[in-house]
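Everything on this sheet refers to the single structure shown next.
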Amino acid sequence: MKTIFRISLIASALVFPLCSCSDFLEKEPLSQGTEAIVFKTPEHFEQAANALYNTEGWKNYDGKANYGSMDQNTDISGLGSNGGGSTPEGNYKWDKPYSYIRTSNQLLEKAEEYTGNKEEIAQSIGTAYFFRAWQYFYLLRTFGGVPIVDHVLDVNDPVLYGTRNSRYEVVNLILSDLRLAIPLLPKEKDIPESDKGKVSKEAAKSFLARVLLFEGTWEKYVPSINYDLDGDGKGSGAGTVKPEGYPSITDMLAEAKQMSKEVIEEANTGTFELWNECDSLSYYYLFNIDDKGGNVPNFRGAGKSTNKEFIFAKKYDYDLSRGGINLSHTVMTWGASNISASFGESFLCRNGLPIRISHTGNMADAENNPEFLGYSSFASEFRNRDYRFIGCTFMPDRVTYSSRSEDGRQLTETGNPYPEAVFPANNDVYNPQDPAYSSKCAVFKPTLRNNSTHAGYGSRKFLIEGANRPQNTESADYPLIRLAEVYLIYAEATCELNNGEISDEDLNFSINHTRARAGIAPLTNALIANVWDAGYWDHAQGKTVCKKMNMLDEIRRERACELFGEGFRMDDLKRWGIAHINLTGQKLGRHVLGTAYETEKANDATYFGEPCYYPEKYPLLYGVYEGTGKTDPDYGRSIATLAGNLHFIQRDYLEPIPLQQIRLNPNLKQNPGW
């Protein structure tokens, strides 16, 4: 049987144990024939609710490794190419959410028919509302307005052949569902230990705040891109219909602030807290806590039970439900998240200011931040910097643990945050007998070879370090909502509501917590008053400029630094109305001329004695940018990618409706420009 949404008519006949986290780790799809035999008792509703935990994690909805959600091909990860695609025949991003929406609708309909005590099934109902909202937000972010299905369909349902609902109608449904879910769900502190992992009241409030911030800023900024993404709903797009009582931008931002405030206040009672178990490497290790089975999760041995930062997560377990992707290998070979040159340089120094600053706004008198040590050595630019940057990069003066057996440096005992590095004894005379050349922990001087673009820093975020984790068995939990994000939502919503201003008190209530863990000074109004960021990469002009620091920019910077690699960046660029600017134009890479690459010689066995940068023999793929000469702030940077490789345009703010769906239902009109 095929419908327009390719929805399987499925229900649940499976009984899941209700006494442990295996409720969430060993779920199976709902099976056919269940509608007639389940939903008789509260336990049946709980079983059905447990089967609603369908979210992307280490795998996407297509069952493949979810590396694309690590902010790949964005300005903070580095761009190789983008845009210019064609409309696909099918798309799992359409099919899967609708199949999951059906299971929520089924539970909600059966709840209406239930003759028992409704309070006994309240949590299950709240869970269904939460996940229906979750799936519709996935659809909204991807396609904009989509058909609203708020009941279980059969093959004759007119919705199957109807038009798309506008994005505003979809948003209205999402907000309504979450407001219904919140009072029905338990507070996190009231969820029994055996049921930890179930969605809580605070998770629903946090998610509601996320949706409100997303849509409030979308409706504020996206009209400025001078492109009609809504269409008229008749010839193209989903139209502009707004339900009666639809919230204003101010209403949405105010509610986002209030919801995030309530979650933060609950966190302040001890329910949630930023994970800070590993000193300056706490942020790095937060994402690779993978205990059990003889694995050492970090140099302090702090396991998953210590993590109170994840408000909602995709749960994994080495014994019950493994990640199933080749995570460690992908991270070690720079194939997961990444840190582009411009993003890496945007990480602040410990004093809370950028690496280059001016007090007049003139580039001519710009100077290095006193804490920024420049590029005279390979490691100097990493000193005195944000812990999120230095913790997640592959540092040039040290090696990292890795769970891969071929790397030969698995973390097997607590104590040392990095393996003991081994350096060549003599950098002037090659000695093949030097132990460094056979050591798995050897550190050699970086070289630019093999058509390099020197475009970024790489990132080891998400790297599993401990032993006993062969490929596809890594099992760290995947964060879906973190307390850190809630801090960021509060700060951004507050700043937007106040026309770009925010008090020091509100900053201390929110993002100064994340900055503290990152080892950088609190953000205050006095700190950035009359200071210009002289290392600000202006995507519109394609060059570094001197830009006066302001609160909204700094909150957005903090968001990028805290959430990188977690799938937020593309949505952020879109809702701020700058995706078509930041994702186009020539991009520059890291500094080459005037750095250690020109003054140092290689000391590895392959290139020993050659200059670390040897353009006569190993030219960079796109060369080095010289601009207006040595006074140009971008002089001597590599060219990371050419403008001709980047084709992202305004239509790409929304993905196209799959052609197969339009053939099945001609009333579905394609998104503008596709």
Any side-chain donor-acceptor pair under 3.5 Å between [X] and [Y]?
| X | Y | result |
| --- | --- | --- |
| Tyr92 | Asn60 | yes |
| Tyr613 | Glu600 | no |
| Tyr67 | Thr330 | yes |
| Asp434 | Asn426 | no |
| Ser402 | Gln410 | no |
| Ser459 | Ser337 | yes |
| Ser321 | Asp317 | no |
| Tyr283 | Lys461 | yes |
| Ser346 | Trp537 | no |

Ring centroids only, cut at 6.0 angstrom: are [X] and [Y] within range, meaning strictly under it?
| X | Y | answer |
| --- | --- | --- |
| Phe608 | Tyr430 | yes |
| Phe564 | Phe343 | yes |
| Phe378 | Tyr597 | yes |

TODO: Could you label the plane-to-plane angle of the Phe287 and Phe310 rings as parallel, tilted or perpendicular, counting under 30° as parallel and over 60° as perpendicular?
DONE: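 Geometry flag for Phe310 against Phe287: tilted rings.
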Open item on the list: Against the six-membered ring of Phe372, is Arg385 placed for a cation-pi contact (under 6.0 Å from the centre, within 45° of the normal)?
Closed with: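 Geometry flag: not set, cation outside 6.0 Å or 45°.
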Open item on the list: Do Arg460 and Phe394 form a cation-pi contact, if we require the NZ or CZ to be under 6.0 Å from the six-membered ring centre and within 45 degrees of the ring's axis?
Closed with: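 No.
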TODO: Please round to the nearest 0.5 Å and tell me the distance separating atom CD of Glu309 and atom OG of Ser282.
DONE: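 So the CD of Glu309 and the OG of Ser282 are separated by 9.5 Å.
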- [ ] Specify the closest pair of heavy atoms between Asp290 and Ile464, including all atoms of both residues, with the distance to one decimal.
- [x]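 Smallest heavy-atom distance, with atoms named: OD2-CG2, 3.6 Å.
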